[in-house]
Number of protein chains: 2
Amino acid sequence: MPKLVANDIAIALKKRISLGEWLENGRMPPERDLASEFGVARNTVRRAVGMLEDDGTVVRHVGRGTFLTAGNPDSMAATVARMEGTSPADMMEIRQLLEPAAASFAATNASAGELNAVREAHKIACASQDMPTFEHWDAEFHHRIFACSRNDFLKEIHNLMRILRNQRPWFEMKKRSFSEERRATYCSEHQLVLDALLARDSEGASAAMLTHLRTVERNLLGR
Amino acid sequence: MPKLVANDIAIALKKRISLGEWLENGRMPPERDLASEFGVARNTVRRAVGMLEDDGTVVRHVGRGTFLTAGNPDSMAATVARMEGTSPADMMEIRQLLEPAAASFAATNASAGELNAVREAHKIACASQDMPTFEHWDAEFHHRIFACSRNDFLKEIHNLMRILRNQRPWFEMKKRSFSEERRATYCSEHQLVLDALLARDSEGASAAMLTHLRTVERNLLGR
DNA sequence: TATAAATGGTTCACTATTGGATCAGGTAGC
DNA sequence: GCTACCTGATCCAATAGTGAACCATTTATA
């Protein structure tokens, strides 16, 4: 068993909170109890709980205790926590709404340098030989398109999606669905997107992106 | 068995990272552990990890450890923090992408009870006399439409937008833009959305919502 | 009401862990 | 032999965890 450090304890606590523990009165056990339960010093628990406090999962009161805020469905922290549990199918549906739009914006707004960055990512992805490298530059290709959409909010939503896609359920899925043939398909579809972007054809970029995402969805979800 | 050199170890590590290892807390084992696991000297591991660091797969901190840059649990919070700074114009642009889709989904998927809840919110909003009450039920109307879209990710994105819209710059803006005339406009536009939902007309719902959002954008941003 | 217990907040000295850096050797391939 | 690489070892610097004590506030109890 790996040694527990503050960060691990913070993660363990978050998990237990998200599983509904301590929900009946919204109160966490005293730090001293948690310390003995995890078998670490109270200082360590304090740092872990401090992390939860920092991201708004919890509030502390001297003499009273530590209380969950996650019970409040309107908190940022609770919203993000719930997002981590959304299904790949739901996310793919939203990607198909947002990414074609991002491609369309990019076709209109991108600078020549930004488009060049997109082309670079595409080139490296196509040339890559192993799955991790391809994964990375594939993601980078999509990211750079969002980056030239000139809409900060859209960029951040994509960031959220990217983070979620790097977590558990997605990983298994991507691993299963990867094959040399699919990689080639993705490359040619990316090429069509890129061509439309370079031609400043926003409708074409949008359509090409949608086609690509439908392929991805089919591969990932097996439909 | 060929002898392991730093490059081999870098490749092995990358592979294990790409397969999702160490993803739960984003932390790699200490170099000394990796060295004994691979059966090589720590210097060799150091060079391998150095390669991962060079291509950005990993960051190292003296005394703390080596951490994956993807799946970094902090970046979620950072992303949300950046979102708080996005401009109303950018968010309105994205609302015009997502809300018509949500309305369309709702027209298809909502249960009779859910549609009733939407109607209730609409009715109270129309009947309300003061700005805070109207604001609340107006938001609730939109929220309940998302609630019957049957896409959890979409719902949570809307939640994020709602939280952001209740913060500073938006509040001032909404206060400035409020007028009795506009309230009446919103009510009649909501009515059109509601009618389409009740008629299970997904295209109509989408179009009515888009029209409404364009009105809101004009009023808020003064265009 | 007065007192005690519970609980989070703070600090301190000490130890353990971990990445950073360097050096003198050994080994394999050209 | 030359070169490139790995080995084994040592020391350094930064960070984290330990255990303990004491404080401030709140809550329960006599």
Side-chain angles (χ1 to χ4, degrees), chain A residues 1-14 16-17 21-72 77, chain B residues 1-14 16-17 21-74 77:
Chain A
M1 174 154 168
K3 184 176 170 190
L4 290 180
V5 298
N7 198 7
D8 300 319
I9 294 177
I11 292 172
L13 290 176
K14 262 197 178 169
R16 285 167 68 170
I17 290 172
E21 203 154 354
W22 313 311
L23 250 181
E24 63 288 348
N25 55 3
R27 185 187 188 179
M28 282 181 48
E31 296 173 349
R32 290 169 174 84
D33 293 2
L34 288 174
S36 75
E37 178 186 339
F38 284 107
V40 297
R42 186 180 155 223
N43 270 340
T44 307
V45 167
R46 275 191 60 69
R47 215 168 307 168
V49 177
M51 296 177 196
L52 300 196
E53 190 180 27
D54 284 344
D55 65 24
T57 309
V58 116
V59 276
R60 304 198 271 193
H61 300 287
V62 179
R64 297 182 55 206
T66 302
F67 300 85
L68 310 187
T69 55
N72 172 15
Chain B
M1 174 159 161
K3 187 168 177 182
L4 290 180
V5 298
N7 201 7
D8 301 324
I9 295 178
I11 292 173
L13 289 177
K14 257 198 178 172
R16 284 167 67 170
I17 290 171
E21 203 155 353
W22 312 312
L23 206 63
E24 62 290 343
N25 58 3
R27 185 187 190 184
M28 280 181 50
E31 295 173 350
R32 289 167 175 88
D33 292 3
L34 288 174
S36 76
E37 179 186 337
F38 284 106
V40 297
R42 188 182 152 221
N43 272 341
T44 309
V45 167
R46 274 191 62 68
R47 220 164 312 157
V49 178
M51 297 177 196
L52 299 196
E53 190 180 28
D54 285 344
D55 66 23
T57 310
V58 117
V59 276
R60 303 198 272 191
H61 300 286
V62 179
R64 296 182 57 204
T66 302
F67 299 85
L68 311 188
T69 50
N72 172 9
D74 287 349

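Just so it is clear, the structure is predicted and the values come from calculations on it, not from any experiment. Chain A is the first sequence line, chain B the second, and so forth, proteins listed ahead of strands; every chain is numbered from 1.
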Can you measure [X] atom [atom1] to [N] atom [atom2] for me and round it to whole angstrom units?
X	N	atom1	atom2	result
A:Arg64	C:dG8	CZ	P	11 Å
A:Phe67	D:dT27	CZ	C1'	11 Å
B:Arg46	C:dG19	CZ	P	8 Å
A:Asn7	C:dT17	CG	C1'	15 Å

Can you check side-chain contact (heavy atoms from CB on, under 4.5 Å) on A:Leu52 and A:Ile17, steps first, answer last? CA-CA 11 Å; A:Leu52 300 196; A:Ile17 290 172; 4.0 Å; yes
How far apart are the closest heavy atoms of [X] and [Y], and which atoms are they?
X	Y	result
B:Ile9	B:Ala48	CG2-CB, 3.6 Å
A:Asp55	A:Thr57	OD1-OG1, 2.5 Å
B:Leu68	B:Glu21	CD1-O, 4.0 Å
A:Ala10	A:Met51	CB-SD, 3.8 Å
B:Glu31	B:Val45	O-CG1, 4.0 Å

Can a side chain N or O of B:Thr66 be found less than 4.0 Å away from OP1 or OP2 on C:dG19?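 Indeed, a polar side-chain atom of B:Thr66 lies that close.
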Strictly below 4.0 Å: does B:Arg60 bring a side-chain N or O up to OP1 or OP2 of C:dG20? yes
Counting only heavy atoms and a strict 4.0 angstrom limit, can you tell me which residues of residues 21-36 of chain A come near DNA chain C?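 The stretch gives A:Arg27, A:Pro30, A:Glu31, A:Arg32 as the residues lying under 4.0 Å from the strand, ordered by number.
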Out of D:dT7, C:dG19, D:dA16, whichever nucleotide has its closest atom nearest the side chain of B:Arg47: D:dT7
Would B:Arg16 and B:Met28 count as a side-chain contact (heavy atoms from CB on, under 4.5 Å) if you check the C-alpha gap in whole Å, the side-chain angles of each, and the deciding distance to 0.1 Å? CA-CA 11 Å; B:Arg16 284 167 67 170; B:Met28 280 181 50; over 6 Å; no
DNA chain D-proximal residues of residues 37-44 of chain B, any heavy atom under 4.0 Å: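 DNA chain D contact set from residues 37-44 of chain B: B:Val40, B:Ala41, B:Asn43, B:Thr44.
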Side chains of A:Thr66 and A:Trp22, heavy atoms from C-beta outward: is any pair under 4.5 Å?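 No, every pair of side-chain atoms sits at 4.5 Å or beyond.
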